[in-house]
Q: 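One structure is given below, represented as structure tokens, and several questions about it will come after.
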Amino acid sequence: MTLKLYNTLSRKKEEFVPLQDKKVKMYACGPTVYSYPHIGNYRAYVFEDLLRRYLEYKDYDVTLIMNITDVDDKTIKASDGDKSKLLSITRRYEKAFKKGLSVLNVKNADEYPRATETIDEMVELIEELLKKKYAYKAEDGSLYFSIDKYPGYGKENLVHLNPDEMRAGERVSDDEYDKEGAHDFVLWKAWKEEDGDIYWETSLGKGRPGWHIECSAMSMKYLGEELDIHCGGVDNIFPHHENEIAQSEAASGKKFVKYWVHCAHLIYEGEKMSKSRGNIILLEDLIKKYSPEAIRLALLSTHYRSQLDLTDKKLKEAEGSIRKITDFMQTMERIRGEGRFVGPLSAGRPMELHKEFEEALEDDLNISEALSALYRTMRNANILKDEGDIGKEEAGQFLLELDHMNKVLGILPEKETEIDQSVYEMIRQREDARLAKDWALSDKIRDELFEMGYNLEDTPRGTLPKRRK
RNA sequence: GGCGACGUACCCAAAUGGCUAAGGGAAGGGUUUGCAAAACCCUCAUUCACCGGUUCGAAUCCGGUCGUCGCCUCCA
């Protein structure tokens, strides 16, 4: 089986074949740390995590790099041109960002390089572009990339725009006034008074890097001049990624990225999140009402290339699904550990449904089909359970199936905590009471266990305790 | 104006030329159970925004119409 991914470059699904046998060099655009990340930002990171986990599931050796943009117009504005304030602000939001990733069970990238710590590499790259005449210095000392020198710009790569027909100038900011070409983009921004003490003295002059150059410099630093996968939100396609291609390929003379993979946006309750609407939703807001697993599942359960409308209803549904899955897992755990579930079994072995799960994900990460395979796996097992026709071995196999799928989905706890022996003792007492038809005592014990945090499930082969969430 | 995506049941959401249009949720009915919870079973789109066309055959391809949305130098 081969994974197929939709490549923005070709606008088609393509078979994924890494540049070098089983190694995957993956780069994901990270956050600009000037405020708390909202739930829409996390959708992209959760999607990237799904892709990364699936590649690892397929035994690829993935190296993932994610940048932290800790100096740009917004961060400088937020820190009033005070370098130490810049540091404290960006570190605070970087920390919040990483905390959110861990809450959502997003696996760590191999490196999170910061822009402010990659200045040398960026300068080096810009020097190379100057040498090759792709870059020029404007009157104010800023350096720009000249797209006239790079004929494929906007035509052959990610976007199909005609630079002459673009509505240039509508939102040209004041610090871009002396570019030679209307669409040239800045590589290095010369120092201005409002930048205060936020600047670097380099061979390029006193100033700071432009935004686009950091991703090129960082990816080259950690992954080399050619990458397998570069991902980010669809909004980055133009101009950010188009610019990255231009500057990287101009400097290296090599094809920068083999597969560009972009994630669609998230809207909330049918509306785009924006400051003016006042509907920016932070992870910490949602966490008050929903479990991290449910939030992760809700973010995951719409295909990454479709716009996701996150709603309260959807989150509640996801919460129910998580309960259903964890409940199932616990049932199987108990059966696996329960002595009475041994004996001759007539039904067939568990189906290898993780194969169907895999086949679904092979097709550009078709998550709906994949989740469908998960639900069908659970139903197969539950049918056997209801018929009392499941034993320790089968339960163990179903758990293995579940574990396979969860390696990719990341929506279940890694390991189940032990159930205290006293719980089993109480269950035995309740079973005695039930045999004696002492329903009052039986129900009293059940209530006590409920208070202790357990639901009971009576099956043909005995009672199973399940931890309440 | 240019580039692009989408419109499938009450809701969410797959299937992209061919067996009965996945799966989940909600709803109704039932089985099981001392009761409960959970689970399981049944029902829930002769039809895929609309109109034409191509084809033996279309939700899927082509043309048009209507509607929603994204991008066109802040953005995940």
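Not measured: the values here are computed from a predicted model. Here is the naming used below: chain letters follow the sequence lines, and residue numbers restart at 1 for every chain.
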Q: For RNA chain B, write out the stems as range with range, using runs of 3 or more consecutive Watson-Crick or G-U pairs with both distances under 3.5 Å.
A: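 Correct response: B:1-7 with B:66-72, B:10-12 with B:23-25, B:27-31 with B:39-43, B:49-53 with B:61-65.
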Q: For L266(A), report the nucleic acid contact type (base, sugar-phosphate, nothing); a contact means any heavy atom under 4.0 Å.
A: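 Base contact.
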Q: When the ring planes of Y42(A) and Y45(A) are compared, do they come out parallel, tilted or perpendicular, using 30° and 60° as the limits?
A: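 Ring orientation of Y42(A) relative to Y45(A): perpendicular.
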Q: Among A76(B), C41(B), C35(B), find the nucleotide with the atom closest to the side chain of N41(A).
A: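 Nucleotide nearest to N41(A)'s side chain: A76(B).
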Q: Send over the distance from D432(A) CG to G34(B) P, rounded to a whole Å.
A: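 Nearest whole value for this atom pair: 16 Å.
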Q: When rounded to the nearest Å, what value does the distance between P atoms of A14(B) and A76(B) take?
A: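 Taking atom P in both A14(B) and A76(B), they lie 25 Å apart.
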Q: R305(A) has an atom CZ; how far is it from atom P of A76(B), in whole Å?
A: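 Atom-to-atom, R305(A) to A76(B), this comes out as 21 Å.
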Q: Which one, A39(B), C35(B), C71(B), comes nearest to the side chain of R430(A)?
A: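 Among A39(B), C35(B), C71(B), the one nearest the side chain of R430(A) is C35(B).
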Q: Do you know which of H241(A), H240(A), H212(A) makes ring pair (Phe, Tyr, Trp, His ring centres under 6.0 Å) with F185(A)?
A: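 With F185(A) as partner, H241(A), H240(A), H212(A) yield a single ring pair (Phe, Tyr, Trp, His ring centres under 6.0 Å), made by H212(A).
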Q: Could you work out the separation of C19(B) and C71(B) based on their P atoms and round it to a whole Å?
A: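 The same atom, P, in both gives a distance of 39 Å.
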Q: Atom CD1 of I237(A) to atom C1' of A76(B): distance rounded to whole Å?
A: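 Interatomic distance, CD1 of I237(A) to C1' of A76(B): 11 Å.
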Q: Can H303(A) be classed as stacking with the base of A13(B), given a centroid separation cut-off of 5.5 Å and a plane angle cut-off of 30°?
A: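 Stacking between H303(A) and A13(B): absent.
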Q: Whole Å only: how far is the CD1 atom of I68(A) from the P atom of A76(B)?
A: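 After rounding, the gap between these two atoms is 12 Å.
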Q: Can you see if the side chain of K324(A) gets near the phosphate of G25(B) - specifically, an N or O under 4.0 Å from OP1 or OP2?
A: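 Indeed, a polar side-chain atom of K324(A) lies that close.
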Q: Stacking between Y45(A) and A76(B), defined as ring centres under 5.5 angstrom apart with planes under 30°, is that present or not?
A: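 Here Y45(A) fails the 5.5 Å or the 30° condition.
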Q: Could you check whether the side chain of D458(A) and the base of A36(B) have a donor-acceptor pair of N or O atoms closer than 3.5 Å, going by distance alone?
A: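 Answer is yes: a donor-acceptor pair is held.
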Q: Send over the distance from E319(A) CD to A26(B) C1', rounded to a whole Å.
A: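 The distance from CD of E319(A) to C1' of A26(B) comes to 17 Å, rounded to the nearest Å.
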Q: Do the charged groups of D312(A) and K316(A) touch, with an N to O distance under 4.0 Å?
A: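 Salt bridge present between D312(A) and K316(A).
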Q: Roughly how far apart, to the nearest Å, are A22(B) and A9(B) at atom C1'?
A: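 Approximately 14 Å lies between the C1' atom of A22(B) and that of A9(B).
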Q: Hey, do the aromatic rings of Y93(A) and Y34(A) have their centres closer than 6.0 Å?
A: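 Here the rings of Y34(A) and Y93(A) have centres that are no less than 6.0 Å from each other.
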Q: Could you check whether K316(A) gets within reach of a base, just the sugar-phosphate, or nothing at all, counting any heavy atom under 4.0 Å?
A: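 If one applies the 4.0 Å heavy-atom cut-off, K316(A) turns out to touch nothing in the nucleic acid.
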Q: Looking at K313(A) and E317(A), is there a salt bridge between them, counting it only when a charged N and a carboxylate O are closer than 4.0 Å?
A: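 Looking at K313(A) together with E317(A), the answer is yes, because their closest N to O distance falls below 4.0 Å.
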Q: Less than 4.0 Å between a side-chain N and a carboxylate O, is that true for D443(A) and R430(A)?
A: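 Judged by the 4.0 Å cut-off on N to carboxylate O distance, R430(A) and D443(A) do not form a salt bridge.
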Q: Checking all strands, does S442(A) fall into the base, sugar-phosphate, or nothing category for heavy-atom contacts under 4.0 angstrom?
A: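 Since a base atom lies under 4.0 Å of S442(A), the category is base.
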Q: Is it true that R296(A) and D49(A) make a salt bridge, defined as a side-chain N closer than 4.0 Å to a carboxylate O?
A: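 Between D49(A) and R296(A) there is a salt bridge, with a charged N closer than 4.0 Å to a carboxylate O.
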Q: Distance check needed: A26(B) P versus D312(A) CG, whole Å only.
A: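 Nearest whole value for this atom pair: 15 Å.
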Q: Could you check whether the side chain of R379(A) and the base of C41(B) have a donor-acceptor pair of N or O atoms closer than 3.5 Å, going by distance alone?
A: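 Answer no: no donor N or O sits under 3.5 Å from an acceptor.
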Q: Flag the pair K192(A) and D140(A) as a salt bridge only when some basic side-chain nitrogen lies within less than 4.0 angstrom of an acidic carboxylate oxygen.
A: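 No, K192(A) and D140(A) are not salt-bridged.
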Q: Is any N or O donor-acceptor pair between the side chain of N236(A) and the base of C71(B) shorter than 3.5 Å?
A: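 By the distance-only test, no, there is no pair.
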Q: Is there side-chain contact between P465(A) and I427(A), with heavy atoms separated by less than 4.5 Å?
A: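 Yes; the side chains approach each other to less than 4.5 Å.
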Q: So do the side chains of I65(A) and M26(A) get within less than 4.5 Å of each other, counting heavy atoms only?
A: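 They are not in contact (no side-chain heavy atoms under 4.5 Å apart), so the answer is no.
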Q: Base, sugar-phosphate or nothing for K437(A)? Non-hydrogen atoms, less than 4.0 Å.
A: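 K437(A): no heavy atom of the nucleic acid under 4.0 Å.
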Q: Which whole number of Å gives the distance between the C1' atom of A26(B) and that of A13(B)?
A: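 After rounding to an integer number of Å, I get 14 Å for this pair.
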Q: Taking donor-acceptor contacts at under 3.5 Å, does the side chain of D443(A) reach the base of G34(B)?
A: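 In this structure, the two groups form a donor-acceptor pair.
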Q: If you only use heavy atoms from C-beta on, which nucleotide in A76(B), A38(B), U73(B) is closest to the side chain of E457(A)?
A: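 Among the listed nucleotides, the one closest to the side chain of E457(A) is A38(B).
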Q: Between G64(B) and G2(B), how far is it from one P atom to the other, in whole Å?
A: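 Looking at atom P only, G64(B) and G2(B) are 13 Å apart.
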Q: Can you tell me how far P in C62(B) sits from the matching atom in G17(B), rounded to whole Å?
A: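 Going atom to atom, P in each nucleotide, I get 11 Å.
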Q: Check every strand shown and say whether H262(A) touches a base, only sugar-phosphate, or nothing at a heavy-atom separation below 4.0 Å.
A: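 It contacts nothing in the nucleic acid.
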Q: Taking the nucleotide of RNA chain B with the closest heavy atom to each, which residue, D386(A) or H240(A), is nearer the 5' end?
A: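 Closer to the 5' end of RNA chain B: D386(A).
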Q: When the distance from OH of Y304(A) to P of A5(B) is rounded to whole Å, what number comes out?
A: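 Distance check: Y304(A) OH to A5(B) P gives 14 Å.
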Q: Within the 4.0 Å heavy-atom criterion, would you say R434(A) contacts the bases, only the backbone, or no part of the nucleic acid?
A: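 Counting heavy atoms under 4.0 Å across all strands, the contact made by R434(A) includes a base.
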Q: Would you call Y150(A) and F145(A) a side-chain contact if the rule is heavy atoms closer than 4.5 Å?
A: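 Sidechains of F145(A) and Y150(A): in contact.
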Q: Which is true for N382(A) with a 4.0 Å heavy-atom rule: it touches a base, it touches only sugar-phosphate, or it touches nothing?
A: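 Sugar-phosphate, backbone atoms only, no base.
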Q: Compare the minimum distances between each of U73(B), C74(B), C41(B) and the side chain of F238(A), then state the nucleotide with the smallest one.
A: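 So the nucleotide nearest the side chain must be U73(B).
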Q: Please pick, from G23(B), C35(B), G70(B), the nucleotide with the shortest atom-to-atom distance to any side-chain atom of Y375(A).
A: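 The closest nucleotide is G23(B).
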Q: Quote, to the nearest angstrom, the P distance that separates C50(B) from C66(B).
A: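 After rounding to an integer number of Å, I get 16 Å for this pair.
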Q: Start at the 5' end of RNA chain B and walk down; is the nucleotide closest to I39(A) or to L456(A) reached first?
A: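 The residue closer to the strand's 5' end, by nearest nucleotide, is L456(A).
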Q: With a non-hydrogen cut-off below 4.0 angstrom, is G320(A) in contact with a base, only sugar-phosphate, or nothing?
A: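 Contact class for G320(A): none.
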Q: In B/S/- notation, 5' to 3', how is nucleotides 15-22 of chain B contacted by protein heavy atoms closer than 4.0 Å?
A: S------B
Q: Can you tell if the side chain of D285(A) reaches within under 4.5 Å of the side chain of L283(A), non-hydrogen atoms only?
A: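 Side chain of D285(A) against side chain of L283(A), heavy atoms only: no contact under 4.5 Å found.
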Q: Under 4.0 Å between a side-chain nitrogen and a carboxylate oxygen: does that hold for E14(A) and K4(A)?
A: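 Here E14(A) does not pair with K4(A) in a salt bridge, since their nearest N and O are not under 4.0 Å apart.
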Q: Can you measure I367(A) atom CD1 to G24(B) atom P for me and round it to whole angstrom units?
A: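 Going from I367(A) (CD1) to G24(B) (P), I get 15 Å.
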Q: Compare the minimum distances between each of A76(B), U73(B), C11(B) and the side chain of K313(A), then state the nucleotide with the smallest one.
A: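 Nucleotide nearest to K313(A)'s side chain: C11(B).
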Q: Distance between the P atoms of G24(B) and U47(B), in whole angstroms?
A: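 Pairwise P distance, G24(B) against U47(B), rounds to 24 Å.
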